[in-house]
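Written out below as structure tokens is the structure these notes cover.
Quantities reported herein were computed from a predicted structural model and do not represent experimental measurements. Chain letters run A, B, ... following the sequence lines, proteins first, then strands; residues in each count from 1.
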Amino acid sequence: MTEIRTRFAPSPTGYIHVGNIRAALFPWLLAKQKNGTFILRIEDTDQARFVEGATDLIVESLGWLGIEWNEGYLVGGEHGPYIQSERTETYLLWAQKLIKKGLAYADPYTSAEVEVFRDAAKKAKKPFLYRDNRPANPPVWDGTQPLRLKVANPKRFTWQDPVMGELSAGPEALDDFILVKSDGLPTYNFAHIVDDAEMGVTHVIRGLEYISSIPKYLSLYEALELEVPVLACLPHIMAPDGKKKLGKRDGAKSVSEYHEQGILPEAMLNFLASMGWNDGTEQEIFTREELIEKFSLDRVQRSGARFDEQRLLWMNGTWIRSLSLDDLFSRCNNYFPKSADSADETYKKAVLGLVQERLKFLAELPELTSFFFEEPDANLSLITDNKQLKKLETSELKTLLQAVHSSLNDCDFTAESVQASLNALLESTGQKPGVLFSLVRVATTWAPFSPNLAESLAVLGKETSLARIEKASQIL
RNA sequence: GGUCUCAUCGUCUAACGGUUAGGACACCAGGUUUUCAUCCUGGCAAUCGGAGUUCGAUUCUCCGUGAGAUCACCA
């Protein structure tokens, strides 16, 4: 059996957004599953769109998700270099082969002249094909003109896509496209085919936007006499609101933005994979090992899927809850509120333990926990708007708080003993839990919602809890 | 417009041609001595339309319709 070799070949034109990261995920899963090789290749033949630092961003995003490559950019390999701008000699070699065979020729026209052809075709209501205007006697290519493929016999191509099934397109889809630009650099159309062949790529997996160009690639493979790898197209991820392909213009977030928000890489991987793929069972949560084990191209969905952030958040929440406290804590370094900087680790862990089950993403840690680390500002509307507390007179509230204070004063402040004291107060004051517990909660946290009361007080400690209750009874 | 592709709850999806069309997210209601969350229970909700093949069609075929992609010296 031949080794499976897949690749991700991004262009360094900006950040990687969540709409196109699957073009890395799926080929990586396949390579991992088959003990094959996953290659990272940088496609930087468009100088105009090159963005400084974009490559680092790509590397960082892949690294965060744990999509590691064992050949290619930075790690090297037998088929390098893995940056297209460093491979121009190779492309020129292949271009010369085509010229010798009479299958490539210099384009003598300026882009303005080509534009005239295009307009003429439009006026005649015919689709524009460059090959209809092919020059009879093209000049010798000197490298300053674009080099075009000569499609010798336009025909219908039929091919097998593991995701989409049998695909075909007629000769109208074929044209004399540009192989080498007048700047001497190859086009994507040319370079990626040469590279995939030289690098021994067996499965080309990419977004659906390439599907219309595949007949062109097929004609080039034929001209180059190269074996055609498996060509698979992945359906688009659509914008959450619209029905368009998710792109940066529709506000597609970068992978690193989700990283910063505190989405777990496990959740992101799980979510991305389960958009457009499932194993046929009712399983929703997959570990990365399970994904590697179970993934298959023929179970990839054929239609586009909308990016549903709520579902991502749900999935992230379940992943957060599945982590051990220590593991979760190790990931929260940059997410605790500023006021927690001076707090000790044991305390921070205890706080984290209280909110673990309600955390949907790490960046919401401050709003959930700040009152554990700093004195909260009193917000009396929490009492006046509370459907239980607003029924009581201020004096009654004060009396209650004083009762709580003195009762808790005799308590050793484990969660159990705090609960026991509060329960006893329910008896002695004759108040309903809805009143008493809400009051204590507000007085100690001044937050619209907070974790389990007894546990919160236990973590807060006797001194702080009593001081806050005391202070609250003065403010009222 | 040409070419190509797709089509099941609001969303993500399952269903050898035979199921009361299943699950999950979201939403709604109830329960877990207070809030938010978790957890549990229940509820709402779908096969784009029309022909054909078949005893039987979400599934196969055709025609519509809708949606998307692509038609660059971008990838």
Side-chain angles (χ1 to χ4, degrees), chain A residues 9-11 13 20 43-46 48-49 107 110-111 114 118 121-122 125-129 145-148 161 164-165 167-175 177-189 191-192 206-216 233 235-236 238 240 242-245 271 274-285 301-315 317-318 321 355-360 368 382 386-389 419 422-423 426 432-442 445 447-453:
Chain A
S11 291
T13 55
N20 51 30
E43 309 213 323
D44 61 343
T45 57
D46 185 3
R49 290 208 307 158
D107 175 353
T110 63
S111 32
V114 175
R118 204 184 305 271
K122 200 173 182 181
K125 294 199 169 169
K126 285 174 65 180
F128 169 72
L129 287 172
Q145 313 101 327
L147 184 72
R148 285 185 185 264
D161 183 308
M164 307 301 288
L167 259 24
S168 79
E172 318 79 46
L174 263 31
D175 200 7
F177 63 91
I178 292 179
L179 304 172
V180 182
K181 297 175 282 180
S182 56
D183 66 1
L185 291 173
T187 58
Y188 164 83
N189 294 335
H192 89 273
R206 81 251 268 195
L208 196 61
E209 63 268 28
Y210 293 95
I211 203 172
S212 322
S213 304
I214 284 183
K216 287 186 180 129
C233 286
H236 286 128
M238 319 293 268
K243 291 183 172 176
K244 282 192 316 191
K245 173 186 141 192
F271 178 69
S274 61
M275 274 182 85
W277 174 86
N278 69 82
D279 71 344
T281 72
E282 287 177 355
Q283 186 170 349
E284 307 277 347
I285 303 295
Q301 201 73 13
R302 279 202 264 261
S303 54
R306 298 220 196 146
F307 192 92
D308 183 357
E309 230 170 64
Q310 267 180 321
R311 193 173 155 81
L312 171 61
L313 252 25
W314 162 74
M315 207 169 257
T318 63
R321 269 170 261 130
V355 297
Q356 178 168 15
E357 69 184 22
R358 70 200 63 214
L359 215 46
K360 289 226 183 301
L368 255 32
L382 287 173
N386 184 296
K387 61 177 185 276
Q388 301 278 0
L389 298 180
Q419 190 65 62
L422 292 174
N423 284 346
L426 246 26
K432 289 185 297 192
V435 172
L436 183 72
F437 294 167
S438 296
L439 178 61
V440 179
R441 179 184 300 283
V442 169
T445 68
F449 45 82
S450 49
N452 178 282
L453 183 54

For this session: Take atom C1' in rA45(B) and the same atom in rC27(B), then report the distance between them in whole Å.
Result: 10 Å
Exercise. Does any nucleotide pair with rC71(B) by Watson-Crick or G-U wobble geometry, both distances under 3.5 Å, and what is it?
Worked result: rG1(B)
Exercise. So what does Thr13(A) hit on the nucleic acid, given a heavy-atom distance under 4.0 Å: a base, only sugar-phosphate, or nothing?
Worked result: nothing
Tabulated below should be each protein N or O lying under 3.5 Å from an N or O of nucleotides 73-75 of chain B; please produce it.
from: rC73(B); atom 1: O2; to: Ser182(A); atom 2: N; distance (Å): 2.7
from: rC73(B); atom 1: O2; to: Ser182(A); atom 2: OG; distance (Å): 2.6
from: rC73(B); atom 1: N3; to: Ser182(A); atom 2: OG; distance (Å): 2.9
from: rC74(B); atom 1: OP2; to: Lys181(A); atom 2: NZ; distance (Å): 3.4
from: rC74(B); atom 1: O2'; to: Asp46(A); atom 2: OD2; distance (Å): 2.9
from: rC74(B); atom 1: O2'; to: Arg49(A); atom 2: NE; distance (Å): 3.4
from: rC74(B); atom 1: O2'; to: Arg49(A); atom 2: NH2; distance (Å): 3.3
from: rA75(B); atom 1: OP1; to: Thr45(A); atom 2: OG1; distance (Å): 2.7
from: rA75(B); atom 1: OP1; to: Lys181(A); atom 2: NZ; distance (Å): 3.3
from: rA75(B); atom 1: OP2; to: Tyr188(A); atom 2: N; distance (Å): 3.0
from: rA75(B); atom 1: O3'; to: Ser11(A); atom 2: OG; distance (Å): 2.8
from: rA75(B); atom 1: O3'; to: Glu43(A); atom 2: OE1; distance (Å): 2.9
from: rA75(B); atom 1: O2'; to: Ser11(A); atom 2: OG; distance (Å): 3.0
from: rA75(B); atom 1: N3; to: Tyr210(A); atom 2: OH; distance (Å): 3.4

Problem set entry | Whole-Å P distance, rC4(B) and rU11(B) | 28 Å
Seminar exercise, completed: From CG of Asn452(A) across to C1' of rU32(B) the rounded distance in Å is 12 Å
Exercise. Across all strands shown, which nucleotide pairs with rC6(B) by Watson-Crick or G-U wobble geometry, both distances under 3.5 Å?
Worked result: rG66(B)
For this session: Could you tell me the separation between the CG atom of Leu368(A) and the C1' atom of rU35(B), rounded to a whole number of Å?
Result: 12 Å
Problem set entry | Rounded distance (Å) that lies between atom P of rU13(B) and atom CD1 of Ile285(A) | 15 Å
Problem set entry | Closest heavy-atom pair and its distance - Ala305(A), Met275(A) | O-CE, 3.6 Å
Exercise. Counting side-chain heavy atoms from CB outward, which of rU3(B), rC6(B), rG23(B) is closest to Glu282(A)?
Worked result: rG23(B)
Exercise. Under 4.0 Å: is that the gap between some side-chain N or O of Asn278(A) and OP1 or OP2 of rA14(B)?
Worked result: yes
For this session: Quick one: label Gly170(A) by what it contacts on the DNA or RNA (base, sugar-phosphate, nothing), any heavy atom closer than 4.0 Å.
Result: sugar-phosphate
Seminar exercise, completed: Checking N1-N3 plus N6-O4 or O6-N4 for Watson-Crick, or N1-O2 and O6-N3 for wobble, each under 3.5 Å, the partner of rU19(B) is none
Exercise. Charged N to carboxylate O under 4.0 angstrom, Glu284(A) versus Arg311(A)?
Worked result: yes
Seminar exercise, completed: Whole-Å distance, Phe449(A) CZ to rU38(B) C1', equals 14 Å
Exercise. Can you name the nearest heavy-atom pair linking Ser450(A) to Arg441(A), along with the distance?
Worked result: OG-NH1, 2.7 Å
Problem set entry | Spacing of His236(A) atom NE2 relative to rA7(B) atom P, expressed in whole Å | 15 Å
For this session: Could you tell me whether the side chain of Thr318(A) reaches within less than 4.5 Å of the side chain of Ile285(A), counting heavy atoms only?
Result: yes
For this session: Quick one: label Met164(A) by what it contacts on the DNA or RNA (base, sugar-phosphate, nothing), any heavy atom closer than 4.0 Å.
Result: sugar-phosphate
Quick test: give all pairs of protein nitrogen or oxygen and nucleotides 25-30 of chain B nitrogen or oxygen below 3.5 Å, distance rounded to 0.1 Å.
from: rC25(B); atom 1: OP1; to: Trp314(A); atom 2: NE1; distance (Å): 3.4

Exercise. How is Ser450(A) classified with respect to the nucleic acid when contacts are heavy atoms under 4.0 Å: base, sugar-phosphate, or nothing?
Worked result: base
Problem set entry | Whole-angstrom distance between rC6(B) and rC60(B), as gauged at atom P | 11 Å
Problem set entry | Check: Arg306(A) side chain, rU11(B) base, donor-acceptor under 3.5 Å | no
Seminar exercise, completed: Re rA14(B): Watson-Crick or G-U wobble partner, both distances kept under 3.5 Å, found to be none
Problem set entry | rG2(B) and rA51(B), which share atom name C1', separated by this distance in whole Å | 28 Å
Problem set entry | N/O (side chain, Gln301(A)) to phosphate O (OP1/OP2, rA14(B)) under 4.0 Å | yes
Problem set entry | rU47(B) to rG42(B) separation - C1' atoms, rounded to the nearest Å | 25 Å
Exercise. What does Gly276(A) touch in the nucleic acid at a heavy-atom separation under 4.0 angstrom: a base, only the sugar-phosphate, or nothing?
Worked result: sugar-phosphate
Problem set entry | Integer-rounded Å distance: rC6(B) C1' and Leu167(A) CG | 11 Å
For this session: Round to a whole Å and report the spacing from NZ of Lys216(A) to P of rA69(B).
Result: 17 Å
Exercise. Of the nucleotides rU33(B), rA24(B), rA7(B), which one has an atom closest to the side chain of Asn423(A)?
Worked result: rU33(B)
For this session: Check the distance between rA24(B)'s C1' and Trp277(A)'s CH2 and give it to me in whole angstrom.
Result: 15 Å
